[in-house]
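In what follows, a structure is listed as structure tokens, so that the remarks can point back to it.
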Amino acid sequence: MQIIYTKSYDNTAKKLKKYPKEIQILKEIITYIETSNNFQELKTNPIKNLYGFEQLKYQNNKFYSFNLEKNGGTKRLIVLPANESKIYLIFISYDHYKDFSEERIIYYDE
């Protein structure tokens, strides 16, 4: 799959420098996304359970997240499928989605 980065992701990823374990998990997740052929494969591959992949609820139900901490935790990578072969890295939440809203997303001009 092709990954599309957003300004929001880049800005929130900078804070991750303080968390080396989470950086390693983020790298693994990005590799997992890149090696998936399409979004359907990403959703159905059992390895997704290793990273706590889930769809968000309520008004944010078009977004999905990966857990950046092995044993639960509050840091999440939020993604948005653009189509079957592209995915946006949207945001890294540090407070279990409380610091995330769709209005805060800043995209790069394409």
Side-chain angles (χ1 to χ4, degrees):
M1 280 182 76
Q2 179 184 357
I3 294 176
I4 304 168
Y5 294 88
T6 64
K7 284 184 183 181
S8 303
Y9 167 81
D10 289 340
N11 290 339
T12 55
K14 289 176 187 176
K15 294 186 223 174
L16 207 57
K17 291 178 184 175
K18 299 181 236 175
Y19 306 99
K21 291 179 185 175
E22 288 81 353
I23 289 172
Q24 183 57 41
I25 293 171
L26 177 62
K27 289 177 183 178
E28 292 171 11
I29 291 169
I30 288 174
T31 300
Y32 167 59
I33 292 170
E34 288 173 334
T35 57
S36 296
N37 293 318
N38 56 49
F39 189 71
Q40 189 60 36
E41 181 182 315
L42 188 72
K43 285 178 22 177
T44 57
N45 189 328
I47 200 167
K48 71 180 172 60
N49 297 327
L50 180 64
Y51 302 113
F53 182 72
E54 65 184 9
Q55 185 174 11
L56 301 188
K57 296 179 182 176
Y58 312 117
Q59 75 274 10
N60 291 325
N61 66 355
K62 63 183 176 181
F63 298 95
Y64 292 78
S65 75
F66 291 93
N67 194 336
L68 295 179
E69 298 176 272
K70 287 283 187 193
N71 300 318
T74 59
K75 293 176 193 68
R76 303 279 198 278
L77 168 64
I78 299 172
V79 299
L80 174 67
N83 59 40
E84 268 304 303
S85 62
K86 295 180 183 177
I87 192 165
Y88 285 100
L89 297 188
I90 295 291
F91 195 85
I92 295 180
S93 172
Y94 291 86
D95 194 16
H96 202 264
Y97 315 121
K98 292 177 187 167
D99 55 351
F100 172 72
S101 69
E102 190 170 357
E103 295 81 36
R104 294 185 67 190
I105 301 170
I106 304 168
Y107 295 92
Y108 285 110
D109 295 331
E110 292 185 20

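Not measured: the values here are computed from a predicted model.
- Between the NZ atom in Lys43 and the OG atom in Ser36 there is a gap of 12.5 Å [rounded to 0.5 Å].
- With hydrogens and angles disregarded, no donor-acceptor distance shorter than 3.5 Å links the side chain of Gln55 to the backbone of Tyr64.
- Distance CD1/Ile25 to CD1/Ile30: 12.5 Å, rounded to 0.5 Å.
- Separation of atoms CD1 (Ile90) and OG (Ser65) is listed at 12.5 Å; rounding is to 0.5 Å.
- Here CG of Leu77 is found 10.5 Å from CG of Asn67. Values are rounded to the nearest 0.5 Å.
- For Ser85, the side chain to side chain contact (heavy atoms under 4.5 Å, CB included) partners two or more places apart in sequence, or in a different chain, are Asn83.
- Remark: Glu69 pairs with Lys75 by the salt bridge (charged side-chain N to carboxylate O under 4.0 Å, His left out) rule, at least two apart or across chains.
- Annotation: ring pair (Phe, Tyr, Trp, His ring centres under 6.0 Å) contacts of Tyr97 (sequence neighbours excluded): none.
- With hydrogens and angles disregarded, no donor-acceptor distance shorter than 3.5 Å links the side chain of Tyr88 to the backbone of Ile78.
- By the rule that hydrophobic residues join a cluster once side-chain heavy atoms approach within less than 4.5 Å of another member, Ile3 and Ile47 end up as members of one cluster.
- Side chains of Leu68 and Ile29 form a contact here, defined as non-hydrogen atoms less than 4.5 Å apart.
- Relative ring orientation between Tyr51 and Phe66 is described as perpendicular, the plane-to-plane angle rising above 60° on a 0-90° scale split at 30° and 60°.
- With hydrogens and angles disregarded, a donor-acceptor distance shorter than 3.5 Å links the side chain of Thr6 to the backbone of Leu89.
- Taking hydrophobic clusters as Ile, Leu, Val, Met, Phe, Trp and Tyr residues chained together by side-chain heavy-atom distances below 4.5 Å, Met1 shares a cluster with Leu26.
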Give every donor-acceptor pair under 3.5 Å between a side-chain atom in residues 9-21 and any protein atom, sequence neighbours left out.
unit_1	atom_1	unit_2	atom_2	d
Asp10	OD2	Tyr108	OH	2.5
Asn11	ND2	Lys7	O	3.3
Thr12	OG1	Ser8	O	2.9
Thr12	OG1	Tyr9	O	3.1
Thr12	OG1	Ile92	N	3.0

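- At least one side-chain heavy atom of Arg76 sits under 4.5 Å from a side-chain heavy atom of His96.
- Atoms CD1 and CD, from Ile33 and Gln2 in turn, are 12.5 Å apart once rounded to the nearest 0.5 Å.
- Take Asn37 and apply the side chain to side chain donor-acceptor pair (under 3.5 Å) test, not counting sequence neighbours, and it matches Glu41.
- Side-chain contact between Tyr32 and Asn45 is present, with at least one heavy-atom pair separated by less than 4.5 Å.
- Listed by first and then second residue, the salt bridge (charged side-chain N to carboxylate O under 4.0 Å, His left out) pairs involving residues 80-102 are Lys62-Glu102 (not counting sequence neighbours).
- Side-chain contact between Asp109 and Tyr107 is absent, with no heavy-atom pair separated by less than 4.5 Å.
- When ring centroids are compared, Phe91 and Phe63 stay outside the 6.0 Å threshold.
- Aromatic ring centres of Tyr94 and Phe100 lie farther apart than the 6.0 Å criterion allows.
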